Amino acid sequence: MDFVSAPSGESSSLKNPVLEVEAVDMTSAGVKGGTATENITAATEEAAQSEDETDSDGSGDDWESQSLYEDAIQVVRDEQLRDGVPDACTLEEAIAYRRRLHDIGKAAFVEETIGRDTVTAKKLCTAFGILPPAFLDDAPDEAFHPLLAIAISREFQKRPKLPQYNTIDDAVKLLQESKNIVVLTGAGISTSLGIPDFRSKDTGLYSQLAHLGLSDPQEVFDIHVFREDPSIFFSIAKDILPTEKKFSPTHAFIRLLQDKGKLLTNYTQNIDNIEANAGVLPENIVQCHGSFATATCVKCDYKVSGDDIFDEIKKGAIPVCASCRKSIAEDSGVKRKRSSNGAHKNRKDNDGDSSDEDYEIPTPGVMKPDITFFGEDLPDEFGHRLLHHDRDRVDLVIVIGTSLKVAPVAEVPGVLPRTVPQIYISRTPVSHTEFDIDLLGDCDVVVSELCRRAGWELKHEMIPADEKVEVLPVEDYESRHVFKVVGA
Ligand code: OAD
C-alpha cells in the first residue's frame with residue numbers, strides 16, 4: 001500500500017481531487033425527469049460509485065481539496081455548528097439527521113426530508129458538513145440537490161456510531177471484557193516525553209519547519225526530497241529521536257493490555273520505537289511507518305542497527321555507509337565512472353567546469369533510517385496482518401494520539417468490522433471518522449483514569465499516586481468526555 005498524504009498537510013490524500021465531483025452527473029438530481037427524491041437518491045448512488053473509484057481512505061475529510069467548487073465550497077465543522085451558523089442546522093439537528101440517515105437508508109431519508117419538504121436541501125447540506133457556495137446564494141433549492149446527493153453519499157459510507165456505547169463506564173466495561181484489542185497510535189502518545197507531534201498548532205514539528213523553505217513541511221519525509229538532499233531530513237531527525245530509553249504512561253498502558261493477554265496488535269505510526277522500551281513485544285506491534293531501529297544504505301542496501309548511526313543523527317550529520325566506505329578504500333586511487341551516493345550534488349557545486357564530472361571519486365551511500373517516507377510503500381505486514389489476522393478477531397479498537405490524517409493508516413478504523421466498538425483518545429476530536437466514545441484530553445491522564453476505574457494497576461513514575469481526574473461532559477455529544485487532572 002502506498003503511503004500518501006495530501007499536499008496541503010490538511011488531510012489524508014486521495015487520488016485526483018477533481019474527478020470525484022466531476023464524475024457525478026450534476027443534472028441527475030432535481031433537473032432530470034422523476035421526483036426530487038428519486039433523482040437525489042439516484043445521484044447518491046452515482047456519487048458512491050465515484051467515491052469507490054477515487055476515495056482511497058473513505059475519510060470524507062477532503063472536501064476542502066476535493067471539490068469541483070474548490071474555492072467556493074466551505075467545510076462547516078461541528079464546532080462551528082455548535083456556535084451557530086446562519087441558515088445552517090444546529091449541531092443537535094445535524095447529529096439527528098446523520099443518525100436518521102444511517103437508521104433508515106438513503107432513499108427513505110431523502111423522501112422523509114426533501115420529499116416531504118421538511119427541510120431545504122441547502123440547509124440539509126450543512127448537516128453533513130457543507131456550507132453551500134456563495135454563487136448559489138440566490139439559486140432555487142433544486143440547485144443544491146447535487147451537492148446534497150454527494151454529502152449524503154459520503155455520510156452514508158462512514159462507519160455509523162454504535163448507539164449502545166457512550167459513557168466512561170461503557171469504555172471501562174469494554175476494556176475489561178474485550179480480549180482482542182487493536183490499539184492504533186500516533187505521535188500524541190510520545191509528546192509527554194518531549195517528542196513533538198506533527199500537526200499540533202504551534203508545537204507540532206510541521207509548524208517549526210518554515211526555515212527549511214519547503215513548499216509543504218511534510219516534504220521533509222518525502223523520499224524524492226530525501227534523494228535530492230538528505231541533509232533536509234537529517235537537520236530535523238535529531239528532534240524526533242528519543243534521547244533516553246523512556247516511555248510514557250500510555251506506552252505502559254499498551255504493555256498492560258499485552259500483559260493481560262488483551263493486545264491483539266498495536267499499529268503504531270510512530271517511528272521512535274518507544275513501544276520497545278515499554279516492553280511491548282515485536283510480534284504485537286506493526287510499525288506502520290517503519291522506525292529508527294534499523295537503517296539501510298541507499299546505495300548498496302547494507303543494513304545497520306539504528307544505534308550505530310544514532311550519534312551522527314543526534315549531531316545533525318548525514319550518516320554514511322561503512323560498507324561503501326570500505327569498498328571505496330579497497331578501490332582507492334582508481335578513477336571510476338561517477339556513481340551517486342543517493343544524494344544529488346548541491347546545485348552550487350555543479351557550477352563551473354564539468355569536464356571532470358564523469359570521473360569523480362565515488363562516495364559512500366547515505367544511511368537512511370528504515371522509516372516509511374511519503375512516496376514509499378508501507379511494510380507488507382501492515383495490510384496483511386490487518387486483513388488476514390486482525391479483522392476477524394478484533395473485539396475493540398482504541399485509537400490514541402493521532403489526527404488520522406495520513407492514509408492508509410487512517411483507513412484502519414473503517415476497514416475493521418463496523419460492529420466492533422471503537423474508542424478515540426486524544427486532545428483533539430476528529431470529525432471525519434465517527435467513534436463510539438471520544439475520551440478527550442492528555443492521553444496519559446485518560447488511560448490512567450480508565451485503568452483506575454477498571455481496577456487495574458498502571459504503574460508509571462509520571463502518574464502521581466494521588467492523581468485525581470475529573471471527567472466533564474461535552475455539550476451536545478453524549479459520547480464525548482473531557483478528562484482533566486483536578487487542580488492542574
Ligand atoms: P499528528 O501530529 O497528526 O496528530 C497527533 C494527535 O495527537 C493530535 O490530534 C494531537 O492533538 C494529539 N496529541 C498530542 N499530544 C497529545 C497528548 N499528550 N495526549 C493526547 N493527545 C495528544 O500525528 P500523527 O497522527 O501521528 O509520518 O501523524 C501521522 C503521520 O503523519 C506520522 O506518522 C508522520 C506524519 O507525517 C512520518 O513521520 C513518516
Side-chain angles (χ1 to χ4, degrees), residues 2-13 57 59 61 183-209 214 216-223 225-226 233 236-237 239-241 248-251 253 266-274 286-292 368-379 382 398-413 423-433 435 438-450 462 482-485 488:
D2 267 345
F3 179 65
V4 286
S5 176
S8 67
E10 255 312 286
S11 66
S12 49
S13 123
D57 79 349
S59 70
D61 191 32
V183 180
L184 171 57
T185 47
I189 73 163
S190 299
T191 54
S192 62
L193 302 175
I195 301 172
D197 67 7
F198 296 91
R199 296 179 182 77
S200 283
K201 202 167 166 275
D202 303 330
T203 56
L205 182 73
Y206 291 150
S207 70
Q208 321 279 322
L209 300 184
L214 301 169
D216 173 355
Q218 289 183 118
E219 284 178 4
V220 83
F221 294 110
D222 185 306
I223 191 62
V225 173
F226 184 87
F233 167 75
I236 63 96
D239 302 326
I240 51 174
L241 255 191
S248 72
T250 305
H251 293 96
F253 169 71
N266 176 195
Y267 289 90
T268 180
Q269 296 166 91
N270 298 345
I271 51 184
D272 52 28
N273 206 30
I274 292 178
V286 176
Q287 291 181 311
C288 308
H289 296 167
S291 87
F292 277 104
K368 176 185 167 291
D370 290 333
I371 61 180
T372 312
F373 277 49
F374 292 103
E376 291 190 302
D377 283 341
L378 265 69
F382 167 73
I398 308 179
V399 177
I400 317 177
T402 171
S403 62
L404 286 179
K405 295 266 185 190
V406 177
V409 174
E411 296 167 23
V412 171
I423 297 174
Y424 183 67
I425 300 173
S426 185
R427 279 188 188 142
T428 329
V430 290
S431 55
H432 57 284
T433 303
F435 291 93
D438 291 314
L439 307 176
L440 304 182
D442 186 313
C443 55
D444 293 342
V445 172
V446 176
V447 298
S448 59
E449 181 62 11
L450 288 178
M462 288 164 69
V482 175
F483 287 59
K484 283 200 175 125
V485 173

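All values reported here derive from a predicted model rather than from experimental measurement. Counting starts at 1 for both ligands and their atoms, in listed order.
Residues Leu205 and Ile236 come closest through the heavy atom pair CD2-CD1, 4.0 Å. The two residues Gly290 and Thr372 make their nearest non-hydrogen contact at N-OG1, 3.5 Å.
The closest side-chain donor-acceptor pair between Gln269 and Thr402 falls under 3.5 angstrom. In summary, the side chains of Asp202 and Ser207 do not present any donor paired with an acceptor at a separation below 3.5 Å, with no hydrogens or angles considered.
At a 4.0 Å heavy-atom cut-off, ligand 1 touches Phe198 through backbone and side chain alike. Contacts between Thr191 and ligand 1, counted as non-hydrogen atom pairs separated by less than 4.0 Å, involve the side chain only. Residue contacts with ligand 1, taken as heavy atom pairs separated by less than 4.0 Å, involve Gln269 via backbone and side-chain atoms alike. The backbone of Thr372, and not its side chain, has at least one atom closer than 4.0 Å to an atom of ligand 1 (non-hydrogen atoms only; backbone = N, CA, C, O).
Proximity of a side-chain donor or acceptor of Asp197 to a complementary backbone N or O of Gly188 within less than 3.5 Å is not detected. His432 contributes a side-chain N or O that, together with a main-chain N or O of Leu404, makes up a donor-acceptor pair within less than 3.5 Å. Without hydrogens or angle criteria, Asn270 side chain to Asp272 main chain gives no donor-acceptor distance under 3.5 Å. At distances below 3.5 Å, not a single donor-acceptor pair connects side-chain atoms of Asn273 with backbone N or O atoms of Phe292.
Gly441 counts as a contact of ligand 1, since one of its heavy atoms falls under 4.0 Å from the ligand. Residue Ile371 places every heavy atom at 4.0 Å or more from ligand 1. Using a 4.0 Å cutoff on heavy atoms, Ser192 does not count as a contact of ligand 1.
For ligand 1, the atoms closer than 4.0 angstrom to any heavy atom of Gly186 are 26 (O). Near Val406, meaning under 4.0 Å from one of its heavy atoms, ligand 1 places the atoms 30 (C), 31 (O). Short contacts between ligand 1 and Phe374, defined as distances under 4.0 Å to a heavy atom of the residue, involve ligand atoms 36 (O). Atom numbering of ligand 1 starts at 1 in the shown order; those under 4.0 Å from a heavy atom of Thr428 are 9 (O), 10 (C), 11 (O). For ligand 1, the atoms sitting less than 4.0 Å from at least one non-hydrogen atom of Gly401 are 5 (C), 6 (C), 7 (O), numbered in the order shown with element in parentheses.
In this comparison of Asp444, Thr402, Thr250, the heavy atom closest to atom 25 (O) of ligand 1 sits on Thr402. Closest to atom 35 (C) of ligand 1 by heavy atom, among Phe373, Tyr206, Phe483, is Tyr206.
Residues Val409 and Phe382 meet the side-chain proximity criterion, which asks for heavy atoms closer than 4.5 Å.
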side-chain contact (heavy atoms from CB on, under 4.5 Å) evaluation trace for Tyr206 with Phe221: CA-CA 11 Å; Tyr206 291 150; Phe221 294 110; 3.4 Å; yes
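Residue-to-ligand polar distances keep Ile271 apart from ligand 1: every N/O pair is separated by 3.5 Å or more. Looking at Tyr424 next to ligand 1, no N or O pair under 3.5 Å apart turns up. In terms of N/O distances under 3.5 Å, ligand 1 is not approached by Lys405.
Remark: Glu376 engages Lys368 in a salt bridge, criterion side-chain N to carboxylate O under 4.0 Å.
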